[in-house]
There are 2 protein chains.
Amino acid sequence: MGAKEIQIKLDFRSGLPIYVQIMDQIRQMVGSGELEQGDQLPTVRQLATDLRINWNTVARAYKLLDEAGLISTQQGRGTYIWESPPEAATLILRHEALEGLTRRYLAEVIRLGCSPEEVTVALEQQLDLWKAGDPPDETDQN
Amino acid sequence: MGAKEIQIKLDFRSGLPIYVQIMDQIRQMVGSGELEQGDQLPTVRQLATDLRINWNTVARAYKLLDEAGLISTQQGRGTYIWESPPEAATLILRHEALEGLTRRYLAEVIRLGCSPEEVTVALEQQLDLWKAGDPPDETDQN
DNA sequence: ATAACAATAAGACAATGAGACAATTACACA
DNA sequence: TGTGTAATTGTCTCATTGTCTTATTGTTAT
């Protein structure tokens with residue numbers, strides 16, 4: 001019914017487990033406000049067919065997020081974003097989302113064959129631009 | 001399931017390592033069009049019993065072909081012929097790709113509302129893991 | 001001989017898939 | 001209003017599949 005349509009992108013070659021990729025991206029959506037408390041997530045079967053994976057893999061991601069307190073999975077009812085206790089929890093959540101993004105970024109970069117030093121240089125370059133007040137390009141070139 | 005039945009002939013007296021023979025013949029099948037992108041290869045255990053060898057030897061061949069970009073091995077899912085972008089991957093300079101990934105990473109991070117300092121910390125944390133030899137994997141879901 | 005190295009094997013392990021199952025909801029019908 | 005049946009949804013258990021670490025075997029250089 002009112003399940004929010006969310007967009008999750010999987011990278012089967014990143015080396016990151018699928019369920020971790022799902023967890024990371026849901027955390028990110030909550031952290032950025034794209035998902036709010038009370039929003040219903042797609043059912044495990046729906047999201048699974050969308051992503052062409054087994055729904056048990058989605059179920060695992062949901063279950064772990066549930067145990068982490070981010071969402072509420074209810075057998076027979078569905079899965080919902082859990083009410084977010086203010087401040088402290090959102091800080092933690094944002095931090096987790098940042099970790100997830102970083103993890104994915106590094107996985108992609110490693111696959112590219114870059115060295116840690118190259119990554120450090122590339123990032124500091126653009127970080128400097130950012131600090132100087134020039135926000136990075138927002139265009140998603142996937 | 002839909003694993004393509006492929007025919008591989010081993011010559012145990014040729015002096016060529018088994019895993020090299022497997023790699024060569026799969027490469028050849030892809031080159032001749034006998035195997036196309038998306039085709040599922042037999043599992044390491046299936047092909048191994050067919051050839052009467054240890055499945056770790058097949059796994060080795062698959063892993064090397066994966067790193068070479070020819071196939072995609074996915075734990076728990078199987079092994080598939082990977083789309084080979086003959087030009088895209090090689091023409092794009094790694095440096096440009098790195099910059100693009102970094103730009104996208106920072107854009108998403110900004111959407112989360114993180115500060116440059118947070119990003120630096122998060123990245124260096126996982127970079128240290130990387131340098132220490134650990135692949136950037138996650139075991140923190142408590 | 002023996003040390004060093006590559007190829008292969010063995011086994012534990014993690015990620016994913018498949019199917020039966022239980023809780024909840026929706027709805028027809030009395 | 002109540003009830004029974006089917007559909008929906010998450011849970012549980014186990015098999016499948018690739019990964020990793022370590023041991024064994026065979027070859028080669030010293």
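Residue numbers begin at 1 in each chain, while the letters A, B, ... track the order of the sequences. Atom set for the values below is all heavy atoms of this structure, side chains included, hydrogens, waters and symmetry mates excluded.
The side chain of Asn54(B) has dA10(C) as its nearest neighbour among dA10(C), dT9(D), dA14(C). For Ile53(A), the listed nucleotide lying nearest its side chain is dG17(C); candidates were dT8(C), dT17(D), dG17(C). Comparing dT8(C), dG19(C), dT19(D) by their nearest atom to the side chain of Trp55(B) picks out dT19(D).
Residue Thr57(B) places none of its side-chain N or O atoms closer than 4.0 Å to OP1 or OP2 of dA7(C). Between Arg77(A) and dT25(C), a side-chain N or O to OP1/OP2 separation shorter than 4.0 Å is present. An OP1 or OP2 oxygen of dT8(D) is reached within less than 4.0 angstrom by no side-chain nitrogen or oxygen of Thr43(A). Note on Arg45(A): every side-chain N or O is 4.0 Å or more away from OP1 and OP2 of dT8(D). Taking side-chain N and O atoms only, Tyr19(B) has a distance below 4.0 Å to OP1 or OP2 of dA7(C). Between Tyr62(B) and dG18(D) there is no side-chain polar atom (N or O) within less than 4.0 angstrom of OP1 or OP2. For the OP1/OP2 pair of dG18(D) and a distance below 4.0 Å, the side-chain nitrogens and oxygens of Thr79(B) include at least one atom meeting the criterion.
Environment of CD in Glu117(B): crowded, with over 12 heavy atoms of neighbouring residues, nucleotides or ligands closer than 6.0 Å.
A salt bridge does not link Asp66(B) with Lys63(B): every distance from a Lys NZ or Arg NE/NH1/NH2 to an Asp or Glu carboxylate oxygen is 4.0 Å or more. Remark: Arg104(B) engages Glu108(A) in a salt bridge, criterion side-chain N to carboxylate O under 4.0 Å. Electrostatic pairing of Arg103(A) and Glu99(A) does not count as a salt bridge here, judged by no charged N lying under 4.0 Å from a carboxylate O.
At whole-Å resolution of the value, CD1 in Ile71(B) and P in dT19(D) are 9 Å apart. Protein atom CE of Met23(B) is 12 Å distant from nucleotide atom P of dT8(C), rounded to whole Å. The separation between Gln40(B) atom CD and dG17(C) atom C1' is 12 Å, rounded to whole Å. The CD-P distance, from Gln74(A) to dT8(D), rounds to 19 Å in whole Å. Taking atom NZ on Lys63(A) and atom C1' on dA23(C), their separation rounds to 15 Å, with Å as the unit. Whole-Å rounding puts the Gln75(A) CD to dA7(D) P distance at 18 Å. In this entry the distance linking CG of Leu47(B) with P of dT16(D) reads 18 Å, nearest Å. In this entry the distance linking CZ of Arg60(B) with C1' of dT8(C) reads 8 Å, nearest Å.
Between Arg52(A) and Arg52(B), it is Arg52(B) whose nearest contact on DNA chain C lies nearer the 5' terminus. Of the two residues contacting DNA chain C, namely Ile18(A) and Leu16(B), the nearest-nucleotide position lying further toward the 5' end is that of Leu16(B).
Here Ile53(A) contributes atom CD1 and Ile18(A) contributes atom CD1; the two are 5.0 Å apart, rounded to the nearest 0.5 Å.
In terms of polar N and O atoms assigned as donor or acceptor, the side chain of Asn56(A) comes within less than 3.5 Å of the base of dG19(C) in a complementary pairing.
Among all heavy-atom pairs drawn from Thr57(B) and Tyr19(B), the shortest one is O-CB, 3.8 Å.
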